[in-house]
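Shown next, in structure tokens, is the structure this report addresses.
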2 protein chains.
Amino acid sequence: MGVTRTDIFSTEQNALADLAKAMGHPARIAILEYLLKSDTCICGDLVDVLPLSQPTVSQHLKVLKSVGLIKGCVEGTRVSYCIDREKWLAVRNQMNAFFDL
Amino acid sequence: MGVTRTDIFSTEQNALADLAKAMGHPARIAILEYLLKSDTCICGDLVDVLPLSQPTVSQHLKVLKSVGLIKGCVEGTRVSYCIDREKWLAVRNQMNAFFDL
DNA sequence: TTGTTTTATCGTAATATTGCAATATAGCAA
DNA sequence: TTGCTATATTGCAATATTACGATAAAACAA
């Protein structure tokens with residue numbers, strides 16, 4: 001019915017699935033790659049770099065933020081996003097653990 | 001419009017996103033975990049193990065097979081699925097490379 | 001104050017996903 | 001052949017996702 005049965009799975013299974021889902025769009029992969037490269041954590045540039053509209057980029061950023069992979073730092077009128085390094089390492093370990101099962 | 005703009009991203013970005021997307025459902029995580037544990041690569045049991053209908057399980061298996069994470073081995077009326085170990089290692093490396101960027 | 005810039009949100013249309021009942025298909029047994 | 005078992009496919013309804021134009025909100029400049 002278009003709705004995922006999260007209730008019948010473990011917290012860990014849902015968490016891993018949510019992370020994977022957030023990474024399950026090429027635009028979000030591109031955004032993560034861009035943020036990984038630029039430690040300066042620029043945001044508005046993403047709209048220039050990606051051939052997507054500003055609302056669409058904003059939407060993708062929201063998805064990535066919702067799972068904690070990135071953080072938004074407000075700086076005046078601008079919001080500069082950056083990788084949440086702590087979460088990033090945690091997710092890396094989570095992925096490693098899964099693929100080493 | 002519900003349709004992902006794959007054309008504006010690289011093959012690598014789309015490939016990684018497709019893999020993540022396939023992993024982006026708790027039922028598919030559960031299926032992968034089950035197949036990782038049972039080297040005997042049973043299939044029909046998945047329908048008993050998971051509180052999902054047979055068509056739904058079959059659908060999830062199809063998604064995992066489409067990205068190559070699992071293989072289906074026909075054995076009479078039964079089809080026993082198993083992890084594609086070669087692909088599994090490749091994906092693990094792909095993920096590692098991404099998270100080590 | 002009024003403008004400008006930047007980002008977020010709203011509203012909407014098109015498409016995708018999820019889940020299941022019903023049915024089809026394939027292999028085997030009798 | 002018929003019947004049984006196991007899996008795949010079809011069809012459908014409900015919901016989710018994607019994308020973008022329009023607009024709102026927030027901070028700053030003049």
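Proteins come first, then strands; the chains are lettered A, B, ... in the order of their sequence lines, and each starts at number 1.
- For A:R5, whose side chain is taken as the heavy atoms from C-beta onward, the closest listed nucleotide among C:dG19, D:dC20, C:dA8 is C:dG19.
- Not a single donor-acceptor pair, N or O on each side, falls under 3.5 Å between the base of C:dA8 and the side chain of A:Q59.
- Whole-Å rounding puts the B:E75 CD to C:dA26 C1' distance at 15 Å.
- Between A:H60 and D:dT17 there is no side-chain N or O to OP1 or OP2 distance below 4.0 Å.
- Rounded to a whole Å, the CG atom of B:L50 is 15 Å from the C1' atom of C:dC20.
- The shortest side-chain heavy-atom distance between A:I83 and A:I70 falls under the 4.5 Å cut-off.
- For B:G24 and A:T56, each mapped to the nucleotide of DNA chain C holding its nearest heavy atom, the one lying further toward the 5' end belongs to A:T56.
- Across all strands shown, A:L61 has no heavy atoms under 4.0 Å from either base or sugar-phosphate atoms.
- Residue A:T4 is in sugar-phosphate contact alone, with no base atom involved, counting any heavy-atom pair closer than 4.0 Å across all strands shown.
- The residue among B:T6 and B:V47 whose nearest nucleotide of DNA chain D lies closer to the 5′ end is B:V47.
- In this structure, the CG atom of B:D18 is 13 Å from the P atom of C:dA16, given to the nearest Å.
- Here the C1' atom of nucleotide D:dA22 and the CD atom of A:Q54 are 11 Å apart, to the nearest Å.
- Between A:L52 and A:L46, every side-chain heavy-atom pair lies at or beyond the 4.5 Å cut-off.
- Side-chain contact between B:M95 and B:L16 is present, with at least one heavy-atom pair separated by less than 4.5 Å.
- Salt bridge status for A:D100 with B:R92: present, with a side-chain N to carboxylate O gap under 4.0 Å.
- For C:dA8, one of the phosphate oxygens OP1 or OP2 lies less than 4.0 angstrom from a side-chain nitrogen or oxygen of A:Y81.
- Within the nucleic acid shown, B:K21 comes within 4.0 Å of sugar-phosphate atoms alone, with no base atom in reach, counting heavy atoms only.
- Following rounding to the nearest Å, B:L52 (CG) and D:dA8 (C1') show an atom-to-atom distance of 17 Å.
- In this structure the side chain of B:F98 reaches within 4.5 angstrom of the side chain of A:M23, judged on heavy atoms.
- Remark: B:H25 is in phosphate contact with C:dG19, judged by side-chain N or O atoms under 4.0 Å from OP1 or OP2.
- Distance CG (B:D45) to C1' (D:dT7): 14 Å, rounded to an integer number of Å.
- Under the 30°/60° scheme for interplanar angles, the aromatic rings of B:F9 and A:H25 are found to stand perpendicular.
- Distances were taken from every side-chain heavy atom of A:R78 (C-beta onward) to each of C:dT6, C:dA8, C:dA21; the shortest belongs to C:dT6.
- Look at CG on B:L46: it is 9 Å from P on D:dT7, rounded to the nearest Å.
- Minimum atom distance to the side chain of B:V79 is reached by D:dA8, of the listed C:dT7, D:dA22, D:dA8.
- In this structure, B:K62 atom NZ and C:dA16 atom P are separated by 14 Å, rounded to whole Å.
- Both B:S58 and A:P55 lie near DNA chain D, and the one whose nearest nucleotide falls closer to the 5' end is B:S58.
- Look at B:T77 and you won't find any side-chain N or O under 4.0 angstrom from OP1 or OP2 of C:dG27.
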